[in-house]
Amino acid sequence: MRHDDIPVTNVVRTLLDIAAESETRVLERMINEADKRDLIDPETLRDEIENLAGEPGVRPLRALLDQSTFRLADSDLEVRFRSIATSAGLPMPLTKAWINGFEVDFFWADLGLVVETDGLRYHRTPSAQARDQLRDQTHTAAGLTTLRFTHRQVKHERAYVQRVLTQTARRCVTSPDYHPGNCSNAERESS
């Protein structure tokens, strides 16, 4: 391919070349930049390199994309998270409950704790991020604690997620304002 008689490559080929020669952090920065400029999104990039197996750069690019992008269905991510919550000693939460006008992934009424598991597919656009901030602010104003965990954290940083859950649950229980069921400000709506 040529532009003004200068040879150029497409985005996928450029990222493959970078992947073959650069450190992971440089490659990650380039993928983020391509995504930010709407040149290619990580899911499409992952699909495109499937047909290029064996070419230099495919392996490191695939490894980075598999670690950084959403690969599990929401239900799979939530199943994985429930296992972590159980290991943290938390009781079974309400799932897909409507709290303060928003559907939440997990809710522990006795702790006043909301947890969202964010797959990249549904939480990467500016409008989705703004909606997430509004949701978190609404829950905080109602006296709830909200935690968000990314797909990457749930899948690859289980010990960290478990530690944060345990510490947060302990803080919720020992808080001077804590009373079991103190979430009376959380309006419950049927889904």
Side-chain angles (χ1 to χ4, degrees), residues 24 28 31-32 35 41-43 45-47 50 59-125 128-129 131-140 142-175 177-191:
T24 301
E28 189 168 21
I31 293 169
N32 287 338
D35 184 37
D41 62 81
E43 291 87 6
L45 179 58
R46 181 64 171 87
D47 291 342
E50 277 306 303
R59 255 192 159 146
L61 189 54
R62 183 183 297 134
L64 180 62
L65 289 170
D66 284 352
Q67 187 177 46
S68 299
T69 62
F70 183 83
R71 302 305 296 171
L72 296 171
D74 272 353
S75 59
D76 293 336
L77 183 64
E78 290 166 4
V79 166
R80 221 178 255 259
F81 176 79
R82 271 195 299 273
S83 167
I84 296 171
T86 300
S87 296
L90 273 66
M92 287 303 283
L94 293 174
T95 58
K96 299 301 180 192
W98 284 85
I99 310 298
N100 297 316
F102 296 96
E103 184 180 45
V104 301
D105 292 339
F106 303 95
F107 179 57
W108 287 268
D110 288 348
L111 297 175
L113 177 61
V114 172
V115 172
E116 299 287 348
T117 51
D118 294 345
L120 182 60
R121 180 167 302 180
Y122 300 110
H123 299 273
R124 73 182 210 139
T125 65
Q129 292 171 4
R131 205 170 36 251
D132 289 342
Q133 289 176 350
L134 175 65
R135 171 192 316 240
D136 294 349
Q137 292 162 356
T138 300
H139 294 324
T140 299
L144 301 176
T145 298
T146 301
L147 292 175
R148 287 189 171 276
F149 295 106
T150 64
H151 166 260
R152 184 176 188 164
Q153 289 174 315
V154 172
K155 187 171 182 189
H156 299 287
E157 300 172 22
R158 180 184 175 98
Y160 169 78
V161 173
Q162 184 175 333
R163 186 173 59 252
V164 169
L165 277 173
T166 301
Q167 290 171 344
T168 303
R170 189 177 306 127
R171 183 187 52 77
C172 287
V173 171
T174 60
S175 165
D177 299 328
Y178 174 77
H179 301 288
N182 68 346
C183 302
S184 58
N185 292 335
E187 91 185 42
R188 295 183 192 191
E189 303 170 6
S190 58
S191 49

Would the distance check show the side chain of R135 and the main-chain N or O of E103 forming a donor-acceptor pair, the cut-off being under 3.5 Å? yes
Sorted by chain and number, sequence neighbours left out, side-chain contact (heavy atoms from CB on, under 4.5 Å) with T146 holds for V114, D136, H139
*May I have the step-by-step check of side chain to side chain contact (heavy atoms under 4.5 Å, CB included) for L94 and I99, ending in yes or no?*
CA-CA 10 Å; L94 293 174; I99 310 298; 5.5 Å; no
With sequence neighbours left out, the residues meeting side-chain hydrogen bond (donor to acceptor under 3.5 Å, both in side chains) with R59 are none
CG (L90) and CD1 (I84) are apart, to the nearest 0.5 Å, by 12.0 Å
Quick note, side-chain hydrogen bond (donor to acceptor under 3.5 Å, both in side chains) partners involving residues 158-167, not counting sequence neighbours, are S83-R158, S87-R158
The test is side chain to side chain contact (heavy atoms under 4.5 Å, CB included); show your working for I31 and L61 and say whether it passes. CA-CA 9 Å; I31 293 169; L61 189 54; 3.5 Å; yes
Would L147 and L113 satisfy side chain to side chain contact (heavy atoms under 4.5 Å, CB included), going step by step from the backbone distance to the final call? CA-CA 8 Å; L147 292 175; L113 177 61; 4.1 Å; yes
_Does any part of the side chain of T168, heavy atoms only, come nearer than 4.5 Å to the side chain of C172, both counted from C-beta?_
yes
Between W108 and A85 the two heavy atoms that sit nearest each other are CZ2-CB, 4.0 Å
The side-chain contact (heavy atoms from CB on, under 4.5 Å) partners of Q133 (sequence neighbours excluded) come to Q137
Here the gap from K155 atom NZ to T150 atom OG1, rounded to the nearest 0.5 Å, amounts to 12.0 Å
Are V115 and L165 close enough, and set up right, to give a side chain to side chain contact (heavy atoms under 4.5 Å, CB included), and what steps lead you there? CA-CA 9 Å; V115 172; L165 277 173; 4.1 Å; yes
Separation between CG (L45) and CZ (R62), nearest 0.5 Å, reads 11.0 Å
Taken in chain and number order and not counting sequence neighbours, the residues that satisfy side-chain contact (heavy atoms from CB on, under 4.5 Å) with T95 are R82, P93, F106
With Q153 as partner, the option from T117, V161, V164 fulfilling side chain to side chain contact (heavy atoms under 4.5 Å, CB included) is V161
